[in-house]
Amino acid sequence: MTEKNGTEFKSNFIYTMIKEDLGKGLLGDKPIHTRFPPEPNGYLHIGHAKAILLNYAIARDFNGKFNLRFDDTNPIKEEQEFVDSIIADIRWLGADWEDRLFFSSDYFEIKYEFALRLVKAGRAYVCDLNQEEIRQYRGTLTEPGVESPYRGRPVEENLDLFKRMRDGEFPTGSRVLRAKIDMASGNLNMRDPVLYRILHASHHRTGDKWSIYPMYDFDHPFSDALEGITHSLCSIEYTDHRPLYDWIVENAVELMPEVVKFHSHQTEFARLNMTHTVMSKRKLRRLVEEGYVDGWDDPRMPTIAGLRRRGVTAEAIADFQERVGVSRAESTVDLALLDHCIRQKLETKAPRRMVVLDPLKVVITNWTAGKTENVKMENIPGDESAGYREVPFSGEIYIERDDFMEDPPKKFFRLAPGREVRLKSAYIIRCEEVIKDGDGNVTELRCTYDLLSKSGSDRSGKKVKGVIHWVSTEHAARVTVNLYDNLFVVENPEEDDEKDFISHINPQSLIVCRNVLAEPSILEATPGNRYQFLRKGYFYLDPQPSNKDVPVFNRIVALRDSWARKKK
RNA sequence: UGGGGCGUAGCCAAGCGGUAAGGCACGGGACUUUGGCUCCCGCAUGCGUAGGUUCGAAUCCUACCGCCCCAGCCA
């Protein structure tokens, strides 16, 4: 087993199936070929990432090919803006389609030819029933359908009508082309499904060339077969469509032998759901349109664009995808798993910085007035190659407000009256006096430091349990920090059908901290930089802040905090 | 009441007739100049339920139960 080739250790039903197909020589010398088929009508989210990375990984692991093909058969819903964002997102994720970027609409002409041949073969007919009538004739879940009165239309008449549909002679919605299959089938998809509808609409790629557009069930299998896709993966809800998929491909192989030589097969797997978020396009759109978030790329959104802007790495998403696995069982993955993957990838890569989010002033009373001393800090613990930096220390600093407690519980080992704590990479200080304002709020701590306790050359003999971060007041840089948290307070915002999912939004999903104090080296941050703010979490320099004067850092994910958990 | 799919730990998920992998979460401990990281330990006499076949069943058979999807000229 090697790192690059995952076929040995990835144990899921799809890999198993492919290995069997390969073992049986089912593909001849044809390489494994997958595809990701997005409809350009919205932004991609992490659920799509699962599909993208799965398809891509299969191609990579089996030395096959991976296509990107836009399913653009409905001009009314689709836009160029979305093809651009989808391409950018997939590229960022690292899935490589090489030179195989396709559009379903590229094949409109050959598909039309296929439709013609179906008609000639007597397997498709033009139906004049209106939408409502078609619905009624289709029957119900428990009752069989009734055959359309146009089902027996002669081939020549069908041919004539279908050509005239293409020529734009008839109004939108007035006629459709249907497959002649089985109106009594228990599977509604087989009750003479619509193959083409009349749509006088301008398409983002073909313009006004067409006035008929193919339906998914006709278009998708044919496009797969045309591209030589060996394994066509899709989500579970398409399971019912598989007989129709096969019907189309079998007919394509028979009727279009000059272009279709391979019978692709559809395999379904469960789509990804995650706790504390929503994944449906409709709900995500509502969040954007009703202003609950700042757009599709808001860092709280589960969109690829949102995750990217938050600072999540593509590497973490790929790791997440592999850990989640693939199966046919409906599942909702704990967001904590994604958080774990994010932290794990950043642990050894993100340089450390000291940043105080909620400051409490500390004056060191026995420090020489006006003196500044530089202390040396490692950028990444345990990684010499990441180097060191100098951080200025002085007699007035800020520490995190919650690193002090006036009346601490037994296991609290940070600062408290009379207690000692180490200032990271500097000295041990003792809290001598607590200063409060008129309302009893702590406004300042008076401490003394131990000259002998200097980090790296400690001769004090003291052993303190607590180590806290700090920032020298005089040298502090000011930055803005966006603390992002789960968008929803409940695990499953969609659980209750009665209650609008909006009501579960976390009012604290974004806390903006302005005038946050940071060690001066933070100003060296350049776009794309990720840091660990000591004891706080991983942060990403926002690539597109609204205010360019002050750096804005987005919290990617908080550090694990076993103290916070213990407190509960 | 038709057709299809799915039930293995709190959440994912291997397992394919030989006696329940792994990850996350959780609990405990060690280490620690990040209450981080790392490292140990623990965590299903049990695989939706009930029967049956078998020397042996999560795996095979039967019946039941529960959840999800399908009646777009959306994908």
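Naming convention: chains lettered A, B, ... in sequence-line order (proteins, then strands); numbering from 1 in each chain.
Side-chain N/O atoms of A:Y15 and A:D61 include a donor and acceptor closer than 3.5 Å.
Checked against B:U33, B:C69, B:U1, the side chain of A:T142 finds its nearest nucleotide in B:U1. With B:C74, B:G35, B:C12 as the choices, the nucleotide that has an atom nearest any side-chain atom of A:K566 turns out to be B:G35. When distances run from any side-chain atom of A:S11 to the nucleotides B:C69, B:A14, B:C37, the shortest one goes to B:A14. The side chain of A:S327 approaches B:A13 more closely than any other nucleotide in the set B:A13, B:A71, B:A25. Distances from the side chain of A:A336 to the nucleotides B:C69, B:C68, B:A25 place B:A25 closest. Distances were taken from every side-chain heavy atom of A:T73 (C-beta onward) to each of B:A75, B:A71, B:U33; the shortest belongs to B:A75. With distances taken from any side-chain atom of A:R565 to the nucleotides B:C73, B:G27, B:A14, the minimum falls on B:G27. Nearest to the side chain of A:R560, among B:C26, B:G2, B:U33, sits B:C26. Listed nucleotides B:C73, B:U32, B:C70 differ in distance to A:D240; the shortest reach to its side chain belongs to B:C70. Considering only the side chain of A:A329, B:A13 comes nearest among B:C70, B:A75, B:A13.
The aromatic ring centres of A:Y540 and A:Y531 sit 6.0 Å or more apart. Aromatic pair A:F539/A:F553: centroids not less than 6.0 angstrom apart. Less than 6.0 angstrom separates the ring centroid of A:F82 from the ring centroid of A:Y43. Here the two rings, on A:F222 and A:Y107, have centers that are 6.0 Å apart or farther.
As judged by a 4.0 angstrom heavy-atom cut-off over every strand, A:Y137 is placed among residues making no nucleic acid contact. Residue contacts for A:E330: at a heavy-atom cut-off of 4.0 Å it reaches the sugar-phosphate backbone alone, with no base atom in range. Heavy atoms of A:V464 sit nowhere under 4.0 angstrom from any nucleic acid atom. Using a 4.0 Å heavy-atom criterion, one finds that A:S455 contacts the bases of the nucleic acid, with or without backbone contacts as well. Residue contacts for A:I134: at a heavy-atom cut-off of 4.0 Å it reaches a base atom on one of the strands shown. Among the atoms of the strands shown, base atoms are found under 4.0 Å from some heavy atom of A:R414. Using a 4.0 Å heavy-atom criterion, one finds that A:F413 contacts the bases of the nucleic acid, with or without backbone contacts as well. Residue contacts for A:E491: at a heavy-atom cut-off of 4.0 Å it reaches no nucleic acid atom on any strand shown. Here A:S425 lies in heavy-atom contact (under 4.0 Å) with a base. Among the atoms of the strands shown, base atoms are found under 4.0 Å from some heavy atom of A:Y238. A:T140 comes within 4.0 angstrom of a nucleotide base, judged by non-hydrogen atoms across all strands. A:T172 comes within contact range of no nucleotide atom at all, as no heavy-atom separation falls under 4.0 Å. At the heavy-atom level, A:M190 lies nowhere under 4.0 Å from the strands shown. As judged by a 4.0 angstrom heavy-atom cut-off over every strand, A:P144 is placed among residues making no nucleic acid contact.
Rounded to an integer number of Å, the gap from NE2 of A:H220 to P of B:C74 is 17 Å. In this structure, CG of A:D71 is placed 7 Å from C1' of B:A75, rounded to the nearest angstrom. What separates CG of A:L244 from P of B:C69 is a distance of 21 Å, to the nearest Å. One atom, CD1 of A:I380, and another, P of B:C37, lie 16 Å apart when rounded to the nearest Å. Distance, A:N189 CG to B:C69 P: 15 Å, rounded to whole Å. In this structure, NE2 of A:H340 is placed 15 Å from P of B:G22, rounded to the nearest angstrom. If you measure from atom CZ of A:R271 to atom C1' of B:C69, you get 11 Å, rounded to the nearest angstrom. Atom-to-atom, CG of A:D334 to P of B:A25 comes out at 8 Å; the value is rounded to the nearest Å.
The P atoms of B:A58 and B:G17 are separated by 13 Å, rounded to the nearest whole Å. Comparing B:C6 with B:C47, their C1' atoms sit 15 Å apart, to the nearest whole Å. Atom C1' of B:C31 sits at a distance of 11 Å from the matching atom of B:C37, rounded to the whole Å. Going from the C1' atom of B:C11 to that of B:C43 covers 14 Å, rounded to whole Å. One C1' atom belongs to B:A57, the other to B:C16, and the distance between them is 12 Å to the nearest Å. Comparing B:G51 with B:A13, their C1' atoms sit 29 Å apart, to the nearest whole Å. Separation of the P atoms belonging to B:U54 and B:U59 is 16 Å when rounded to the nearest angstrom. B:G18 and B:G56: their P atoms are spaced 14 Å apart (whole Å).
By the 5.5 angstrom centroid cut-off and the 30-degree plane limit, A:Y216 is classified as not stacked against the base of B:A75.
Partners of A:E330 by side-chain hydrogen bond (donor to acceptor under 3.5 Å, both in side chains), not counting sequence neighbours: none found. By the salt bridge (charged side-chain N to carboxylate O under 4.0 Å, His left out) test, A:R535 is found to be paired with A:D403, residues two or more places apart in sequence or in another chain being considered.
Within a 6.0 Å radius of CD in A:E132, more than 12 heavy atoms belonging to other residues, nucleotides or ligands are found.
Judged by distance alone with a 3.5 Å cut-off, a donor-acceptor contact links the side chain of A:E347 to the base of B:G36.
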Bracket string, RNA chain B, 5' to 3' - pairs by Watson-Crick or G-U geometry under 3.5 Å, | interstrand
.(((((((.[[[..)..(...]]].(((((.......))))).....[[[[[..)....]]]]])))))).....
Could you walk me through whether A:D458 and A:S453 pass the side-chain hydrogen bond (donor to acceptor under 3.5 Å, both in side chains) test, one step at a time?
CA-CA 4 Å; A:D458 188 339; A:S453 67; 5.5 Å; no
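The salt bridge (Lys or Arg N to Asp or Glu O under 4.0 Å) with A:E169 is formed by just one residue from the set A:R175, A:K163, A:R164; it is A:R164.
The side chain of A:R138 contributes an N or O atom lying less than 4.0 Å from OP1 or OP2 of B:C73. In terms of phosphate contacts, A:R535 brings a side-chain nitrogen or oxygen within less than 4.0 Å of OP1 or OP2 of B:G35. Between B:A75 and A:R197, a contact under 4.0 Å exists linking OP1 or OP2 to a side-chain N or O.
Glycosidic torsion of B:G51 falls outside 90° of 0, placing the base in anti.
For the pair A:C127 and A:P381, nearest-nucleotide mapping onto RNA chain B gives the more 5' position to A:P381.
You'll find the side chain of A:W470 reaches within 4.5 Å of the side chain of A:F393, heavy atoms only.
A:Y427 does not carry A:R422 over the face of its six-membered ring by the limits of under 6.0 Å from the centre and within 45° of the normal.
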